[in-house]
Amino acid sequence: MSPSQTPDDGADVSADGTPVVYRLADRCSLDDIEAGEYYHAEVNGVVPYGVFVDLTETVSGLVHESNLQGDYAVGDELVVELVEVRDDGDVSFAEAGVDDYDTEHVEAGPDVSVAELDEAVGETIALDGVVVQIKQTGGPTIFHLRDDTGVVPCAAFVEPGVRAYPDVEIDDVVRVIGRVETRDDAIQIEVDDLDRLEDDDAEETRADLDAALDERAEPNEVDPLVEWEAFEKLRPDLRAVAKRLRKAALNGRPIRMRHHADGDGICASVPVQLALERFVEAHHEDPEAPRHLLKRLPSKAPFYEMEDVTRDLNFALENRERHGQRLPLLLMLDNGSTEEDTPAYRNLAHYDVPIVVVDHHHPDPDAVGPLVDEHVNPYLHDEDYRITTGMMCVELARMIDPSLTDDLTHVPAVAGLADRSQADAMADFLDLAAEKGYDQSDLEDVGEALDYATHWLKYNDGRELVDDALNVNCDDRERHEDLVDFLATRAERDVERQLDAAMPHVEHERLDNDAHLYRIDVENYAHRFTYPAPGKTTGAIHDRKVEETGDPVITIGYGPDFSVLRSDGVRLDIPLMVEELTEEIDGGGVSGGGHLVVGSIKFVKGRREDVLDALVEKMADAELDAALSATSTADE
Ligand code: MN
């Protein structure tokens, strides 16, 4: 050892004047060292012009031979003074040559939570969290880390496009040390070090984080928009769904919403989409997170088609591969309760894709129940379609983000009118909408406009257009009104045009039970591939006949291999009739379903007459609704 030296003026000394030499914890970074101070170091390389030393895994530098007093070999320890950290990150030291000193330990930057990061910009911090996404970019690897308050992207760089910390996987508990930076106003951590916690440490931290996640996922307590006893039975189920959705969002799990492409389906999905967007925005530092995590997709069919599920699954697997995302949670809205959905669900069962259903179509719980994680449906609580999906989902959205309430108060009325709900609560919902300046015909127009826009949007969610038409997340009331007026007028005109063509071809007969039966061949006597489609065309004809006769009416609109059914004042059980037809007509290829009194049936073209004849026979056996001559029923 070289002779002792007096410390420079700048170096810290302890109370009795002894110089202080710092020993850095492994996780310390350049931010933890200061020029003029002394540090314990270990030689990691010897070169002709000096020695390289490590203070920690990430803090290293050169002691130039001109600043070196002794001879050192790799592994030797010595005390160095920091000369400077250059802008390019090169660090130079000088041998301190102190014999008599006190050692002090330096811990890494303070532990902070994701929510506190905006107060720590520019600082080096430590953060424990669970990895929820690992995205390899052309530059750094981005680890999305979840703690008990939110999710933050952490950029770790080795070489362009090379995976940093290749041993770390999704769901690992890690401790990251890094500098809090802002990129395009968004907070990100530049990683100095990222360690997977092991064994007891990991289990303890994971348990803490999971408990905190569970608490944060707890939905908000909201007062119901209207007093409605029947609805209260559904509230615990909706709370469970809200919690599951919030948890998924916090856990970086994408949520894919599939909804029936009609007025009620839109009134259900748009509020939930908006609530989730706000929730994700509030808990993810990455401003792109809402776009990457949330998708709303209309489904043409009244069930989850194999085509849709195959696309969804393919998209999810691609995102897992390309963006290191988890597989999504599937949220079925105003759809998804029937046996016809089960092949699609079984397809998803090969992967980790939780399924959540909120629907009011007549369910087949035995078939669907085992395949889904949550199933909210009024029929499961002895209620029925009158509680529409839009009504349920406005409450669901408020449980996710109660600040949306004012934006949504007119939506249950739109949903109810679109699905012709006869719910007792409709009067209250209409009053609520009236407070916002909507009368019933305005609300019906909104429903028509949504239906019309959705028809032409086909597979597109039509985000902004739909928001404007529904007046949710829309800041321009006048534009909303003009748009609805335009769309609803076009819709009405198109329906008129369709009925002008079709009405002369409607066939009439009186069934044994005295109900009127109307039949229309929508394939040959209605415009095709336009608005209204066969289902709505049949519905419009049916409505006219109900109005004309004031008696119980059944209407069948049929094409080569399908038929659409509407009925009023007749106690049909369409799901049961489909089941019977499937058994009775061998080789008929019968499938279908829907509500009890409104539905659709598919069959093979060559057995159409047999299926329709058998169907009519069953209808003729059905009881009439004694209490009423004509009651509107749920539109499909
Ligand atoms: Mn509906």
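In listed order, ligands and their atoms are each counted from 1.
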Should [X] and [Y] count as an ion pair when the cut-off is N to O under 4.0 Å?
{"X": "Arg253", "Y": "Asp352", "answer": "yes"}
{"X": "Glu221", "Y": "Arg239", "answer": "yes"}
{"X": "Lys618", "Y": "Glu584", "answer": "yes"}
{"X": "Arg490", "Y": "Asp494", "answer": "no"}

- Item | Centroid-centroid under 6.0 Å between Tyr379 and His362 rings | yes

Quick check: does [X] have an N/O/S atom under 2.8 Å of the Mn ion (ligand 1)?
{"X": "Asp359", "answer": "no"}
{"X": "His260", "answer": "no"}
{"X": "Asp334", "answer": "yes"}

- Query: Taking just the N, O or S atoms of Asp419, which one is nearest to the Mn ion (ligand 1)?
  - Reply: OD2

- Item | Closest approach to the Mn ion (ligand 1) by Asp264, given as the N, O or S atom name | OD2

